[in-house]
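Scroll down for the structure; my scribbles are underneath it.
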Amino acid sequence: MKADPDLLMEEFFKTYGDRAADPVFFYSPGRVNLIGEHTDYNGGYVFPCALDFGTVMALRQTGGTRIRLNSLNFPGEVDVPLASSYTPIPGSWTNYPVGVINEFALKGIAAPGLELLFFGDIPNGAGLSSSASIEMVTAVAMNEITGEGFGMMELVKMSQRAENIFAGMNCGIMDQFAVGFGRKDHAISLNCDTLEYSYAPLILGDHRLIITNTNKRRGLTESKYNERRAECGKAVELISLHHPVRNLSQLTVDDLWMVEKYIDSPVIRKRARHVITENGRTLEAITALEKNDIETFGRLMNESHDSLCTDYEVTGIELDTLVYEGRRLPGVIGTRMTGAGFGGCTVSIVESLHTEEFVNRLGETYSARTGLKADFYMPGIGEGARRI
Ligand code: GLA
């Protein structure tokens, strides 16, 4: 089912009744990151784009004292009384919207009584930012109905905090940023240290972007992610005993000797090496795309995956099978994991002529190796979060 407002209107009336006013609708996309992985919380560059699938939310103000939340993606209603601050419900999808409503509450901006219905066509837990999409659609909606007029950057930061606090995922800013600032047919180059950004047209000519979902359930993502983040913090601490650095992205490949010299632990050393080399690759890839040099872009995508596999150790058999088997197929320019890792999706650039073969042959090999079925998407690049 497509995230379509007409369908959601019907479902909304089935859920909440149709005697009162019609709901209003908001939309927010998912995202895919092309390169620059695990660099955002290290003050580095990322290069994501918003997808043309996402989350639609229908909202009606009730004049009451409760927020009722339903989703067509998850069973059961959650009903929360209005409060001056909110607490997470362990494991509930409603932590994403309620976390954002809580951010407004912490600024002294109370939500009115609400009936909310969500529907998303982003596969959940696939590393395509279904959670950031729910956060941002809520943030844009709350901003509008409360008349606060926050800029998109503030809504992005509030959504990131909601994820940190309500979902316990110590994520960087990339996902909420890409989902908020997405632009049709463009990727966004974002410096996560200064938050300066620019748009780059994503012109792939005779190539297609293919996203492949491992369909592996991701169990330990939050804890492993937070562990990587802590390891990077440790690396900065050790290097800064000898050389002043605020974050790993202040170092370049020419500084890698410091990593070797000042960090004893081989594991922390590898983590730092990934971040520093990945940041360099990302800048190089952005320049390559500006010059329409897809071959170089693809090579850097491949190198990014190799580094995420051996140095950052966030891949696993499912992602590695898709990437390393994918690379053997004709017309594959570059392929890598995207998002946090440990499962989720890969992103590949494939010559248009060979996309069918890619999907068929990789799908077969993947099933034979892992016993799982991969899903393939050929998304368009869409706009960011907004009222519709
Ligand atoms: C997740 C996080 C992002 C980013 C990526 C890895 O998607 O939410 O902030 O750190 O992982 O690049």
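All values reported here derive from a predicted model rather than from experimental measurement. When a ligand or atom number is given, it counts from 1 through the structure's own listing order. Numbers here simply count residues along the sequence, with the first being 1.
- Paired with E135 under the rule side chain to side chain contact (heavy atoms under 4.5 Å, CB included), one option of Q176, R161, E103 passes, and it is Q176.
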For ligand 1, list every N/O pair with the protein closer than 3.5 Å, one pair per line with the distance.
unit_1: ligand 1; atom_1: 7 (O); unit_2: R31; atom_2: NH2; d: 3.1
unit_1: ligand 1; atom_1: 7 (O); unit_2: D175; atom_2: OD1; d: 3.4
unit_1: ligand 1; atom_1: 7 (O); unit_2: D175; atom_2: OD2; d: 2.9
unit_1: ligand 1; atom_1: 8 (O); unit_2: D175; atom_2: OD2; d: 2.6
unit_1: ligand 1; atom_1: 9 (O); unit_2: D40; atom_2: OD2; d: 2.5
unit_1: ligand 1; atom_1: 9 (O); unit_2: G172; atom_2: N; d: 3.0
unit_1: ligand 1; atom_1: 9 (O); unit_2: Y225; atom_2: OH; d: 3.4
unit_1: ligand 1; atom_1: 10 (O); unit_2: D40; atom_2: OD1; d: 2.7
unit_1: ligand 1; atom_1: 10 (O); unit_2: D40; atom_2: OD2; d: 3.4
unit_1: ligand 1; atom_1: 10 (O); unit_2: Y225; atom_2: OH; d: 2.5
unit_1: ligand 1; atom_1: 11 (O); unit_2: A340; atom_2: N; d: 3.4
unit_1: ligand 1; atom_1: 12 (O); unit_2: E37; atom_2: OE2; d: 2.6
unit_1: ligand 1; atom_1: 12 (O); unit_2: H38; atom_2: N; d: 2.7

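- Remark: the backbone N or O of S92 is paired with a side-chain donor or acceptor of N95 at under 3.5 angstrom.
- At a threshold of 4.0 Å, the pair R228-E313 does not count as salt-bridged, since none of the basic side-chain nitrogens sits closer than that to a carboxylate oxygen.
- For D52 (side chain) and G380 (main-chain N/O), a donor-acceptor pair under 3.5 Å exists by modelled atom type.
- In this structure H274 satisfies the ring-ring contact (aromatic ring centres under 6.0 Å, His included) test together with Y312, sequence neighbours excluded.
- Ring centers of Y262 and H243: at least 6.0 Å apart, outside the cut-off.
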